[in-house]
Amino acid sequence: GCAVAAPTTTVAPTTTTTVVAATTTTSVAPATTTTTAPPSAAGFRIVTTSPLPNANVGTEYTAFIEALGGNGGPIRWSLVAGRVPAGLRFVGDDFRLIQTTGVVGTPTQVETTTFAVEARDAAGATTRRTFTLTVDPPLPLEITNQGNVLATGTVGQPYATNLFAFGGVRPWTWSIIGTLPPGLRLDGNQISGTPTTAGSFTFTARVRSTDGQQAERVFTININPRT
C-alpha cells in the first residue's frame with residue numbers, strides 16, 4: 001500500500017506587544033509677588049484749596065481740610081511732608097469726623113510753612129494735597145465789651161461783671177485807672193464785690209498783652225440805692 005504522510009501543522013510565531021503608558025510632566029511657574037501702590041478711587045479728592053486762611057500770632061486758630069468721594073469712611077488722615085507753623089498742630093483723625101481734618105492751635109511766631117496731607121479711604125485708596133499756611137503778626141489789642149456802661153448794681157447786693165479783650169498775645173494784664181464803686185474790686189478781668197454806695201462811677205480800664213500792646217477804654221457803673 002501507499003504510505004500517507006502525516007499532516008504538518010504550522011504554528012505562527014507569538015508576538016508580544018508591550019504598551020508603555022505615556023508620562024505627563026506638569027511644569028509649575030514659580031510664584032511671583034507683585035507690589036502695587038494703593039488704588040486711587042475715581043473722584044476721591046481733597047477739596048480744600050491752598051493756601052489755608054492766614055493765622056495771627058497769639059490768636060487761636062482753626063482751619064478745616066475736607067475730602068470728598070472715596071470708597072467708604074471714615075477717612076484716615078496723615079501729614080506726609082513738611083510741617084505746620086510753630087504753635088499749631090495737624091489734627092489727623094482727632095476730630096472724629098468722617099471726611100474732615102484740620103490745623104488748630106495758637107501760633108507763636110511769624111512764618112509761612114508748606115506741608116502735604118494724605119487722605120486714605122476704607123478701601124485703601126489715597127489722595128494728597130499740599131498746603132501753605134502763613135502766620136501774620138499779632139492782631140491789634142482792643143477791649144471788646146459791647147457798651148461803655150457796664151451792668152447796674154445795687155447797694156448791698158453781690159455784683160460781678162467781666163471785661164473782655166481781643167488781639168495781642170495772651171496772657172493779658174488788666175488794671176483800673178480811677179476809682180471803682182466802693183465795695184467793688186478788680187480780679188483778673190472781673191469786677192466784683194458788694195457795692196456800699198449808690199451813684200454813677202466812671203473809670204478807665206487798661207489791658208496789656210505780652211507782646212507789648214496796650215488798650216484803654218472808659219466805662220461807667222451805676223449803683224442803685226438799697227431796695
Side-chain angles (χ1 to χ4, degrees), residues 51-65 83-92 94-97 100-113 131-227:
L52 293 178
N54 285 21
N56 291 90
V57 172
T59 299
E60 291 184 8
Y61 178 87
T62 299
F64 295 102
I65 298 173
R83 67 173 181 88
V84 298
L88 301 181
R89 72 179 183 92
F90 175 68
V91 173
D94 289 351
F95 275 163
R96 305 299 183 191
L97 300 176
T100 305
T101 187
V103 177
V104 301
T106 302
T108 58
Q109 64 186 41
V110 175
E111 62 178 331
T112 298
T113 69
F131 293 94
T132 296
L133 200 167
T134 295
V135 178
D136 293 326
L139 292 169
L141 180 63
E142 58 179 331
I143 298 174
T144 58
N145 290 70
Q146 290 187 351
N148 294 328
V149 179
L150 300 179
T152 299
T154 300
V155 171
Q157 299 294 320
Y159 177 91
T161 192
N162 290 326
L163 301 171
F164 299 98
F166 184 78
V169 177
R170 297 190 185 199
W172 301 316
T173 302
W174 291 88
S175 60
I176 297 295
I177 302 171
T179 303
L180 291 173
L184 301 186
R185 66 186 184 279
L186 177 69
D187 184 10
N189 69 317
Q190 185 177 77
I191 298 171
S192 62
T194 301
T196 60
T197 306
S200 181
F201 302 88
T202 298
F203 57 91
T204 299
R206 173 183 290 167
V207 61
R208 287 191 174 97
S209 58
T210 56
D211 61 319
Q213 296 190 65
Q214 175 178 298
E216 295 181 356
R217 188 165 162 186
V218 175
F219 290 103
T220 296
I221 295 178
N222 295 312
I223 304 297
N224 293 329
R226 188 189 302 270
T227 56

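A donor-acceptor pair under 3.5 Å links the side-chain atoms of Y159 to the main chain of A151, judged by distance alone. Not one N or O on the side chain of E216 forms a donor-acceptor pair closer than 3.5 Å with the backbone of T204. Side chain of Q213 to main chain of L139: a donor-acceptor pair is present (N/O by atom type, distance under 3.5 Å, no hydrogens or angles). At distances below 3.5 Å, at least one donor-acceptor pair connects side-chain atoms of N145 with backbone N or O atoms of F164.
If you take CG on N56 and OG1 on T106, they are separated by 11.0 Å, rounding to the nearest 0.5 Å. The distance from the CG atom of L88 to the OG1 atom of T62 is 9.0 Å, given to the nearest 0.5 Å. Between the CZ atom of R96 and the OG1 atom of T101 there is a distance of 11.0 Å, given to the nearest 0.5 Å. With rounding to the nearest 0.5 Å, the separation of CG in L97 from CZ in F64 is 7.5 Å. Atom-to-atom distance recorded for R217:CZ and N148:CG is 4.5 Å, nearest 0.5 angstrom. Atom CZ of R208 and atom CG of L141 lie 11.0 Å apart (nearest 0.5 Å).
The shortest distance between side-chain heavy atoms of I143 and W174 falls below 4.5 Å. Counting heavy atoms from C-beta outward, P195 and L184 have side chains that approach closer than 4.5 Å. Using a 4.5 Å heavy-atom threshold, the side chains of Q109 and V135 count as separate. V155 places a side-chain heavy atom less than 4.5 Å from the side chain of I223. With contacts defined as side-chain heavy-atom distances shorter than 4.5 Å, the pair R89/D94 qualifies. Looking only at side-chain heavy atoms (C-beta outward), L163 and L150 come within less than 4.5 Å of each other. Side-chain contact between V103 and F131 is absent, with no heavy atoms from C-beta onward closer than 4.5 Å.
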W172/N189 under side-chain contact (heavy atoms from CB on, under 4.5 Å): CA gap, chis, key distance, verdict: CA-CA 9 Å; W172 301 316; N189 69 317; over 6 Å; no
Verdict with reasoning, N224 to T152, per side-chain contact (heavy atoms from CB on, under 4.5 Å): CA-CA 7 Å; N224 293 329; T152 299; 3.4 Å; yes
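Closest approach of I176 to L186, counting heavy atoms only: CG1-CD2, 3.6 Å. Of all heavy-atom pairs between L133 and A55, the closest is CD2-CB, 4.2 Å. Pairing each heavy atom of P107 with each of Y61, the nearest pair is CD-CB, 4.3 Å. G168 and S209 make their closest contact through CA-OG, 3.8 Å (heavy atoms, listed as atom of the first residue, atom of the second, distance). Considering all non-hydrogen atoms of both residues, G147 and F219 come closest at O-CE2, 3.4 Å.
For CD of E60, the number of neighbouring non-hydrogen atoms (other residues, nucleotides, ligands) closer than 6.0 Å is 12 at most.
With F203 as the partner, the side chain to side chain contact (heavy atoms under 4.5 Å, CB included) test is satisfied by one option alone out of I177, I191, T220, V218: I191. The side chain to side chain contact (heavy atoms under 4.5 Å, CB included) test with V57 singles out one residue from P85, P137, P138, and that residue is P138.
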